[in-house]
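Residue indices begin at 1 and follow the sequence shown. Only this structure's heavy atoms are used, side chains among them; waters, hydrogens and symmetry mates stay out.
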Amino acid sequence: MKKPVSIKTRITLWYTTLMFVLVLVVLFLIGGLSYQLSIDSVEKDVILQVTQVKEKLSKRQPGVFEIVESKEEFKNVSIYEPNGKYIVGQYNYDIVNIPFEEGIPRRESIDGKDYIIYDTRTPGPPGMRGGFWIRGVESVNSTMLLGRSAIIIMLIIIPLILLLTALGGYYITKKAFNPVNNIVKTANDISAQKDISKRIGIAPDAKEDELHHLSVTLNKMLDKIENLIKQEKQFTSDASHELRTPISVILAQGEYLLDIAKGEKEKELAQAIVDKANQVSKLISRLLLLARIDQNRQKFNKEKVDLGVIVDVAIESMKESAAQKEILLFSNVPEGTIADADESLLLSAITNLISNGIKYGKESGRVLVSASKLGDRTEIIVADNGMGIPEEHIDKIWTRFYRVDDVRNDEYSSGLGLSMVKSIIELHGGTVAAKSEFGKGTEFRIVI
């Protein structure tokens with residue numbers, strides 16, 4: 001499975017890519033503009049030099065050989081006769097054969113070298129037809145070399161800029177997402193430790209931005225949820241306590257009526273009262289146990305216990321119920337299998353799972369209870385070949401008062417048995433899981 005990319009990484013990549021594009025565009029524009037300005041500057045310089053020489057020639061005496069006073073006046077300028085014969089100036093052999101063009105600066109490339117050339121004509125001395133050609137020539141190779149150097153420098157600088165951008169962007173993003181990390185950590189702690197009292201840590205000097213407001217809002221929401229859960233647990237505990245006495249009275253009166261009943265109808269009615277009272281009494285006991293576990297008030301006496309003995313006791317207590325459906329109960333626990341557990345609570349959990357296997361088992365079916373050591377832990381398996389549980393319900397069966405469907409919702413099911421088993425096993429620091437195939441059976445696996 002492909003590992004998901006974090007938001008921080010995605011933002012950093014997006015930001016770095018954007019910066020890369022922007023830097024390229026800016027450098028391209030700057031480089032192009034600088035290069036064009038350099039070419040324009042060369043053209044202007046050539047035209048200026050030619051113009052200056054032309055003005056100087058116009059003020060000299062008419063003799064052509066009196067033109068030259070110093071060749072330094074002709075830095076990038078040469079003077080030619082009308083037929084193209086060189087007279088004086090900066091003679092350039094590479095461009096001497098290029099035709100003259102009046103007043104048009106142009107770019108010429110010869111033997112891999114680029115030049116800016118500008119020609120103009122000036123009158124010659126009396127009796128000389130056609131006057132002189134003045135040609136200004138300046139190489140642009142230095143400008144191109146400068147441009148190439150700039151490109152090389154840019155290619156070196158761009159990776160550095162991108163690296164700094166990526167590091168800076170990731171640091172800023174990581175710092176900005178610290179509140180999100182705190183939220184995730186708190187949520188994971190609450191989920192793992194089942195401690196709703198935990199809150200998102202908010203630094204005293206934290207900036208009051210959107211994530212700060214989110215953290216504050218979530219903390220307020222957790223406060224309300226914790227209060228509601230406490231109220232629910234308290235109500236369950238109080239209601240269960242209040243119901244115990246009247247249910248005990250009803251059960252006692254029902255048993256008394258059963259004893260003194262004379263006719264079959266009276267016995268049937270009295271038995272119905274006793275059965276229902278026992279059912280409600282069992283429900284109240286489970287609610288009280290769950291309430292005590294939720295409120296950390298359940299007595300927990302962890303000691304070395306023999307699993308073989310516990311399983312035998314659980315099977316013995318369920319033999320009568322199993323016999324009614326002709327279900328066979330089997331135990332497969334090696335002698336001397338010892339576990340650290342609360343004997344009464346573990347017995348209650350195993351008995352409940354056996355009861356489940358009988359209740360939803362097939363006629364003439366079986367329930368097998370086995371145990372084995374897994375290093376320093378112990379595994380207990382309760383398996384039946386009953387009707388099974390549909391796959392879509394497996395994760396929900398541990399929810400209090402949850403019932404799978406009408407087939408399993410008989411009058412004796414409270415929907416609390418499996419949630420009680422889960423609470424007991426988790427109190428031991430263990431886990432319980434169900435594996436089932438609808439129509440073929442169910443297997444409950446406990447590890448403590």
Any idea which heavy atoms bring [X] and [Y] closest together, and the distance?
| X | Y | value |
| --- | --- | --- |
| V333 | V369 | CG2-O, 4.3 Å |
| V367 | G357 | CG2-C, 3.9 Å |
| V311 | S331 | CG1-OG, 3.5 Å |
| P105 | I47 | CG-CD1, 4.0 Å |
| K198 | L222 | O-CD1, 3.9 Å |
| I358 | S321 | CG2-O, 3.8 Å |

Quick one: does [X]'s side chain get under 4.5 Å of [Y]'s, heavy atoms only?
| X | Y | value |
| --- | --- | --- |
| M387 | K362 | no |
| Y115 | S139 | yes |
| E138 | D45 | yes |
| I381 | E379 | yes |
| D306 | I338 | yes |
| F444 | L418 | yes |
| N76 | V137 | no |
| K262 | E266 | yes |

Please check if atom [atom1] in [X] has more than 12 non-hydrogen atoms from other residues, nucleotides or ligands closer than 6.0 Å.
| X | atom1 | answer |
| --- | --- | --- |
| E343 | CD | no |
| E391 | CD | no |
| E102 | CD | yes |

Are any of the side-chain nitrogens in [X] or [Y] under 4.0 Å away from the carboxylate oxygens of its partner?
| X | Y | value |
| --- | --- | --- |
| K185 | D189 | yes |
| E426 | K422 | yes |
| D119 | R106 | yes |
| R366 | D384 | no |

Out of curiosity, [X] [atom1] to [Y] [atom2], how far, rounded to the nearest 0.5 Å?
| X | Y | atom1 | atom2 | answer |
| --- | --- | --- | --- | --- |
| K267 | D259 | NZ | CG | 10.0 Å |
| I273 | E255 | CD1 | CD | 11.5 Å |
| I117 | E43 | CD1 | CD | 11.5 Å |
| I315 | L328 | CD1 | CG | 11.0 Å |
| K302 | I448 | NZ | CD1 | 8.0 Å |
| T351 | L346 | OG1 | CG | 9.0 Å |

Side chain to side chain donor-acceptor pair (under 3.5 Å) between E443 and S436, worked out: CA-CA 6 Å; E443 176 184 285; S436 182; over 6 Å; no

How would you list, by chain and number, every residue that makes a salt bridge (charged side-chain N to carboxylate O under 4.0 Å, His left out) with D223, sequence neighbours excluded? R199

Residues that K304 engages under salt bridge (charged side-chain N to carboxylate O under 4.0 Å, His left out), provided they are two or more places apart: D340

Expected output: side-chain N278 to main-chain V274 donor-acceptor under 3.5 Å: yes

Please check if the side chain of K325 supplies one atom and the backbone of G361 the other of a donor-acceptor pair under 3.5 Å. yes

Within 45° cone of F100 ring axis and under 6.0 Å: R135 NZ or CZ: yes

Go through it in stages, so that I can follow the logic: the residues are I183 and S215, the test is side chain to side chain contact (heavy atoms under 4.5 Å, CB included), and I'd like the CA-CA distance, side-chain angles, deciding distance and then a yes or no. CA-CA 7 Å; I183 293 172; S215 300; 3.8 Å; yes

Is a donor from one side chain sitting under 3.5 angstrom from an acceptor on the other, for T378 and K373? yes

Can you confirm whether the side chains of S344 and D342 place a donor and an acceptor under 3.5 Å from each other? yes

Please lay out, stage by stage, how N352 and M420 fare under the test side chain to side chain contact (heavy atoms under 4.5 Å, CB included). CA-CA 9 Å; N352 190 277; M420 183 188 73; 3.9 Å; yes

